[in-house]
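Quick notes on the structure that follows.
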Amino acid sequence: MSCPMLIELGHFALILAFGIAIIQMIVPMVGAHRGNAGWMAMAEPAATAQFLLAAFSFAVLTWAFVTSDFSLQLVYQNSHTDKPMIYKITGVWGNHEGSMLLWMVILTLVGACAAWVGDGLPARLRARVLAVQASIAVAFFAFVLFTSNPFLRLEVPPLNGRDLNPLLQDPGLAFHPPFLYLGYVGLSMSFSFAIAALIEGRVDAAWGRWVRPWTLAAWMFLTVGIALGSWWAYYELGWGGFWFWDPVENASFMPWLIAAALLHSAIVVEKREALKSWTILLAIMAFGFSLLGAFIVRSGVLTSVHAFANDPERGMLILIILAIFLGGALTLFAIRAGAMESKGVFSTVSRESALILNNILLSVSCFVVFIGTIWPLVSELLFDRTLSVGPPFFDAAFTPFMVALAIALPLGSILAWKRGTLGRASKSLVGWLVLSIAMAGLAYAIQSGNSALGPIGVALGVWVVGGAIADLWMRSGRDTLADRLRRMTRLPRADWGKAVAHIGMGVTIFGIAAMLAWEKEDIRVAQIGDTWEVGQFEFRLDGVNQGEGPNYLTTMADISVWRGDRQIGDLHPEKRFYQVANMPTTEAAIINGVIRDIYVVIGDPQENGGWAVRIYLKPFANWIWGGAILMALGGCFSLSDRRLRVGAASAKKTTAKAVPAE
Amino acid sequence: MKRLAIILLFLASPLWAVDPNEILDDPVLEERARSLSQELRCPVCRNESIDESNATLAQELRIVLRERIVAGDTDQQALDFMVARYGEFVMLRPDARGANLILWLAAPAMLLIALIVGWSTIRAKRPVDEGLTEAEKAELEKILGS
């Protein structure tokens, strides 16, 4: 059933939400300034209403996709009646307009969450936070309504649609963009807190405690979103690459790096009341990079050949949004940052210093990604040189920072606050240092060839993972083994979160190095019945069949994999052809394993009757994403820490007798 | 959405980069060709090396590259040949000449500045406790006096 009225209601809800956002931007802010409790209190219902209206609007658009209402231009352009139901639903955000609407739903959801759980915040700060959050919503509602309206109608609805890009008809589309947006948009809350604090002129430990969960949650979602995207590319693109240093990827990686720095420096604010102005700056920059990412993706300035959301007018509008928010925030920062004096004093060797090093390395590595990403543009505009900055540059310029970070991490994270001693820290780590070097030596001895990449990855991985374990172990006291183990289980969840996230980082570093260093590739033409060896596996091409899917034709190979006499798998790599979109895709077949992935792709038929077949052995591939999942899991543990859960209540006490700005 | 963009690049033709019939018989030369082709950009693609790309032009470039290698070019000569023919644009690793020095030196310079600022933050000797302000003293006086 398609109901024309419903579509207009969805459209109307969007406009109404825009209006409410404008009110929420102004009234509570003025109220906070004048101390008018009634004006301040209106932020909460307004935030809720914004979210409900945006969600309704999104639900209407989803309904239009589900019922294939081709009177909507967007549905006509991106859907088809034969498309499986799941892709009708995920197709809602498989295009520019729909994905912007999803962005709005998440943005207003984050704002509403702040209204719902923000009871512990002082009323004034809360009103200001929600007003700043609403101003971001105003900018993006305007963007959606004026340049990317998903509810445009066609006068004469076509009989059928043009189908969704086949490469997007994948479960990856269901999860990858929503997680990324939760991350991008979640950082807007850290931004709002930073601006509100600047307006108030006060940053204290309580502020650090409020801003940290938002940053942590945003960073977790970003981690999962990036990992999902990377994994999706790995299995979908047909040659098992997982990271391309593409501008669009960098757009999500830059906020991730800054958010990682921010959630570390917020700890210093919370525990030691130091690094305040720097933390504020990071909170501004983290969201600034999110906006920059939106600009890069939506404008197509850096990606002139690509087809998605490539519109200069939209890009211009996002650039204006970016300029207003970042420019305004930095101006405010310049005026007010002087008031944020640090309280905590610490010696050179201390956790604070280590976290400063962490922040330096993460921020500068983000700067590397930034300059590499925009350099082609700068170079063309200013120096009239059309050039490319690709993976070889980023590999060379970015990797050293991650290596330095990995080397410093275990030492830094084990130091005591305020005044640490290197002696104590190094004593508990020396065993792990020896082990990591020994493991690297072992890896070097086993591997064929002289590449240093694999052994270095092994050493860093063992070192980082070992450091995290040593940290937990040190906290368990000095009693018997049983006592220490029992005490370890009772450590605060934040400690476990830290350890698990750091272990994840070590695992990812190892996975990346191991896969890149020890990958095996085999490209050949095989006749049906042929057998051949790759590594310790034997492959046999048993047959190639034609078939038909719901909205595509397929050529499916049947390849059996043997290890010695034992068959370990039967793989069916496909080549598909989507008729409506007139587009071929390859579907790799993968045997996932802890030690290695076996990755098989079928190519074109050859003149002599054979088939091109590509086989990759990718050692430890899954460790890359496994590590990312561990990082996000560490964030979950940390988020569920008692300190943050009861933070609201205890925060009330501290703010009730809050001292004037330091 | 980042991944969409990359994925959309692959629309043109079947997803197939290096073809079996392009591969050189000499494994050492082939190895060199593979690593060099990861340094070269496919001119009609977006941010893809000719090693990954399935575009026809990328295939032609791979074949030209292999011809140069078989003809006895060193790695640098082969790269220079490609740049002379297709322009600076095909190099995925920008050279460090002229304005590109900024690109290469920006990060080390930034790191240096950040380390200096960080170090001075760490070493800054802040007054541990300035004692009470005049207003606080007066208040204390009042409390104690009463």
Is a side-chain N or O of A:Ser388 found less than 3.5 angstrom from the main chain of B:Phe89, in a donor-acceptor match? yes
Count the heavy atoms belonging to other residues, nucleotides or ligands that lie under 6.0 Å from CG of A:Asn608, then report whether that count exceeds 12. yes
Would B:Trp119 and A:Ile356 count as a side chain to side chain contact (heavy atoms under 4.5 Å, CB included) here? Give the steps. CA-CA 9 Å; B:Trp119 183 248; A:Ile356 288 177; over 6 Å; no
Atom CE in B:Met110, atom CZ in A:Phe370: separation rounded to 0.5 Å? 9.5 Å
Using every non-hydrogen atom in the two residues, find where A:Phe393 and B:Pro94 come nearest and quote the distance to one decimal. CB-CD, 4.0 Å
d(B:Arg93 CZ, A:Leu387 CG) to nearest 0.5 Å is 14.5 Å
State, to 0.1 Å, how close B:Arg34 and A:Glu521 come at their nearest heavy-atom pair, and which atoms those are. NH1-OE1, 2.7 Å
Heavy-atom distances under 4.5 Å only: say whether B:Ile23 touches chain A with side chain, backbone, both or neither. side chain
For chain A, the option from B:Gly98, B:Pro108, B:Ala107, B:Gly87 that forms the most heavy-atom pairs under 4.5 Å: B:Ala107
Residue from B:Asp95, B:Asn100, B:Leu111 scoring the most non-hydrogen pairs under 4.5 Å with chain A is B:Asn100
Shortest non-hydrogen separation from A:Gly372 to B:Leu103 and the atoms involved: CA-CD1, 4.0 Å
Hey, what do you get for CG (A:Asn359) to OG1 (B:Thr121), rounding to the nearest 0.5 Å? 11.0 Å
Nearest heavy-atom pair of A:Ile360 and B:Ala114: which atoms, and what distance? CD1-O, 3.4 Å
Is it the case that more than 12 heavy atoms not belonging to B:Glu31 sit under 6.0 Å from its CD atom? no
Interface check, chain B: of A:Trp245, A:Phe383, A:Phe367, most non-hydrogen pairs under 4.5 Å belong to A:Phe367
Please name all residues satisfying ring-ring contact (aromatic ring centres under 6.0 Å, His included) with A:Trp278, sequence neighbours left out, ordered by chain then number. none
If one checks every heavy atom of A:Ala396 against chain B at 4.5 Å, the contacting part turns out to be side chain
What distance separates B:Ile122 CD1 from A:Ser350 OG, expressed to the nearest 0.5 Å? 7.0 Å
Nearest heavy atoms of A:Pro392 and B:Leu92, plus distance in Å: CD-CB, 3.7 Å
Mind running side chain to side chain contact (heavy atoms under 4.5 Å, CB included) on B:Leu115 and A:Leu357 for me, showing each step along the way? CA-CA 8 Å; B:Leu115 285 175; A:Leu357 182 64; 4.2 Å; yes
Given heavy-atom pairs under 4.5 angstrom as the criterion, report whether the side chain, backbone, both or neither of A:Glu380 touches chain B. neither
Rounded distance [0.5 Å steps], CD in B:Glu52 versus CZ in A:Phe244: 6.5 Å
